[in-house]
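Have a look at the structure below, then the notes.
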Amino acid sequence: MKFLELAKTFDELEAISGRTEITKKLAHLLKTASWQEAAIICYISLGELRPPYEGTQFNLAEKSLIKVVSDLLGYTQEEIKKELAKISDLGQLIGNYNWHPKEDLSIIDVYKELETLENISGGKSQEEKAAVVKKLLKDLDPISAKYVLRIILGKIRIGFSDMTIIDALSWMQEGDKSLRHKLEDAYNRCADIGYIAKILKKDGIEAIEKMGCIVGIPIRPAAAERLPTAEAIVEKLGDCIAQPKLDGFRLQIHVDKTKSKPMVKFFSRNLKDMSDMFPDLVDAVLQLNVETLICEGEAVAYDPNTGQFEPFQITVKRKRKHDIEEMAVDLPLKVFIFDLLYLNGREYLADTHEERRTKLLSIFKSVKDDKIQAIDEVKIKTGQQLLDYFNSMIGQGLEGVVVKRPDAIYTPGKRNFNWIKLKRQEKGHLEDTLDCVVLGYYYGKGKRASFGIGAFLVGIYNDRQDAFETVAKIGTGLKDQEWKELKKKCDSISIGKRPHNVECSKELYPDVWVNPEIVCQIRADEITRSPLHTADKTEKHLGLALRFPRIMGYRSDKSAFDATTAKELTRLFEDQKKK
DNA sequence: CTTGGCTGCCC
DNA sequence: ATTCTGC
DNA sequence: GCAGAATGGGCAGCCAAG
């Protein structure tokens, strides 16, 4: 199959909004393709070349591609950037130009070129990569070039993703969505959509039905919903159980001790392979009394002197490729296992939480090392009990609690109310919002590009310095209409350059500066020391920033100078440390 | 040899 | 991570 | 309610520029 045929279909799909229609068209495309091509189509539709646990890394994205595209089209980078502000992305931009292609490449040709691109590294590699991309784009027609750029950028964003591909595979085979559940079950157990497409095309739905979990290949993780109060959670679930929510990273752990050399693998929440990063946890995991196992836990770093858990910013330092052994000594991890998905050749996905918990505890009997532990769990009957438990967890400096329905099965790949998280922010020190001042805005991508705004910069007032200092960029919380209104308002008070009383790092300079006068309410989960933001920044210490910032509304009754002050922000930060 | 821009991936 | 939107 | 697409702070890694 020619790449152009694929690109044309993508272009048609981009214009369609109805999911069923997208599904049908995609199904037709997959039906026409060979099984090899179908697998590739699945991957590149997601902006990848392989399943997530094998990774796809071009080390080339928008900033670098702007250079390539401006070079190719004969414009300056400034001109391209200006046009990009109006257009959804670089792919769209290049698709609007016209030239005569030199070749008529197949899907497989393009795939191979993309693999070549990935494998370039070392000195001068950026130059080489640019040359490879430029040649590839030149060889292709503009529509194909558009999608090749989007693949390199990591997202096709034309209104479908993996779940629509699953539907399309069903439609390809049966002309309806009747195989959706079987295909989804297989995909949930084996997070490799290209492999699912390949097996379906080669061996049919019978082979898909036989697929189960495989130790060494990640299962799509379940996720928790969120509710604002303990009361609401107990009302929703009735009798339930609660576990501490630790602020580390989620690990899906695979163990196979039946081989001559035992296998231990760790996968991240997004199914990236992190197996080489935690040699200290491998030893601990091997103490579990199992032959084969897939379980899930949260890994958190702790201070070896005090035993205190480290904040996320410290724990995340363990996510690294170099100096692994040294860091394992300085910053040891503990992993708290909260679920069991597979044990000694048997799946536990369809067992209830209670059954999985019992089984989980049974494999810990011989474990002495506290590096690996089954997470605590308490029974909850009332909102008050849950609130008390939550408060005691917060008191220990944890992120909150996760509440679970005891009779629920494990639902891979789904976010639902079987698990509900209650986080610190909901009843903690940042319960009140901060009043921040809009300092400027940034052009956006995709839908936001058409609004002319994608995010905005906010700051607080520092009366000691008589200056506005940045504390966050805000990109979520407004409705589409509200984004347009904010852009209009900003344009009416825009100024050509940074005002003298605004302290801002270069990296955060907005595309459009505005006079500091719009006051908005910002909610966040936490205040952290920031290498970038300037709020409360002095020679002695870094500035402050907000974790997970979002806008809740405006304070038109307040002037910029009545906004939250640096002093107040600092106090909130200090209070937070006291817990 | 150090710094800084950019990228990918944790949350 | 949070949030919004079309279906 | 699902699926998708916007967006955040901040860490390590890679490479080019200084």
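Keep in mind the model is a prediction, meaning the values are calculated, not measured. Residue numbers start from 1 in every chain, and the chains themselves are labelled A, B, ... in the order their sequence lines are given, proteins ahead of strands.
Here A/F249 lies in heavy-atom contact (under 4.0 Å) with sugar-phosphate atoms only. Here A/D162 lies in heavy-atom contact (under 4.0 Å) with sugar-phosphate atoms only. Within the 4.0 angstrom heavy-atom criterion, no nucleotide atom of any strand lies near A/T20. Nucleic acid contact class of A/R529 (heavy atoms, under 4.0 Å, all strands): sugar-phosphate only. Residue contacts shown for A/G444 are limited to sugar-phosphate atoms, with no base heavy atom under 4.0 Å away. Residue-level contact check: A/I158 touches the backbone only, with heavy atoms under 4.0 Å from sugar-phosphate atoms and none from bases. Across all strands, A/R180 comes closer than 4.0 Å only to sugar-phosphate atoms, never to a base (heavy-atom distances). Using a 4.0 Å heavy-atom criterion, one finds that A/K421 contacts the sugar-phosphate atoms exclusively.
Residue A/T476 is the one, among A/G18 and A/T476, whose nearest nucleotide of DNA chain C lies closer to the 5' end (criterion: closest heavy atom). Between A/G55 and A/E507, the residue anchored nearer the 5' end of DNA chain B, judged by the nucleotide with its closest heavy atom, is A/E507. In terms of position on DNA chain C, the residue among A/F548 and A/I551 whose nearest nucleotide sits closer to the 5' end is A/F548.
For A/K155 and D/dG4, the shortest distance from a side-chain N or O to OP1 or OP2 is not below 4.0 Å. OP1 or OP2 of D/dG4 lies within a sub-4.0 Å distance of a side-chain N or O belonging to A/T164.
Taking every side-chain heavy atom of A/R320 into account, D/dA12 is the closest of D/dG9, D/dA12, D/dG1. Among B/dC10, D/dG9, B/dG8, the nucleotide with an atom closest to any side-chain atom of A/V316 is B/dC10. Side-chain atoms of A/H533 lie closest to D/dG9 of the nucleotides D/dG9, B/dC10, B/dT7. In the set D/dG8, D/dA5, D/dG10, the nucleotide with an atom closest to the side chain of A/Q313 is D/dG10. You'll find that the side chain of A/F58 is closest to B/dG8, out of B/dG8, D/dG13, D/dA5. Here the side chain of A/A545 is nearest to one of D/dG9, D/dC11, D/dG1, namely D/dG9. Among D/dG4, B/dC6, D/dA6, the nucleotide with an atom closest to any side-chain atom of A/K63 is B/dC6.
Rounded to whole Å, the distance from CG on A/L227 to P on D/dG1 is 10 Å. Rounded to an integer number of Å, the gap from CD1 of A/I474 to C1' of C/dA1 is 14 Å. In this structure, A/K317 places its NZ atom 18 Å from C1' of B/dG8, rounding to the nearest Å. Regarding A/I16, its CD1 atom lies at a distance of 14 Å from the C1' atom of C/dC7, rounded to whole Å. Between the NZ atom of A/K445 and the C1' atom of D/dG8 there is a distance of 13 Å, rounded to whole Å.
Remark: A/K473 qualifies as a cation-pi partner of A/Y442 under the 6.0 Å distance and 45° angle criteria applied to the six-membered ring.
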Measure all distances between protein nitrogen or oxygen atoms and nitrogen or oxygen atoms of nucleotides 15-17 of chain D, and list the pairs falling under 3.5 Å.
{"from": "D/dC15", "atom 1": "OP1", "to": "A/G122", "atom 2": "N", "distance (Å)": "2.4"}
{"from": "D/dA16", "atom 1": "OP1", "to": "A/K124", "atom 2": "N", "distance (Å)": "2.9"}
{"from": "D/dA16", "atom 1": "OP1", "to": "A/S125", "atom 2": "N", "distance (Å)": "2.9"}
{"from": "D/dA16", "atom 1": "OP1", "to": "A/Q126", "atom 2": "N", "distance (Å)": "3.1"}
{"from": "D/dA16", "atom 1": "OP2", "to": "A/K124", "atom 2": "N", "distance (Å)": "2.8"}

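Salt-bridge formation is not detected for the pair A/E48/A/K155: no Lys NZ or Arg NE/NH1/NH2 atom is positioned less than 4.0 Å from an Asp or Glu carboxylate oxygen.
Under the salt bridge (Lys or Arg N to Asp or Glu O under 4.0 Å) criterion, the residue pairs touching residues 116-128 of chain A are A/R50-A/E118, with sequence neighbours excluded.
Nucleotides C/dT3 and B/dC6 place their C1' atoms 27 Å apart, quoted to the nearest Å.
For A/K537, the salt bridge (Lys or Arg N to Asp or Glu O under 4.0 Å) test picks out no residue, with sequence neighbours left out.
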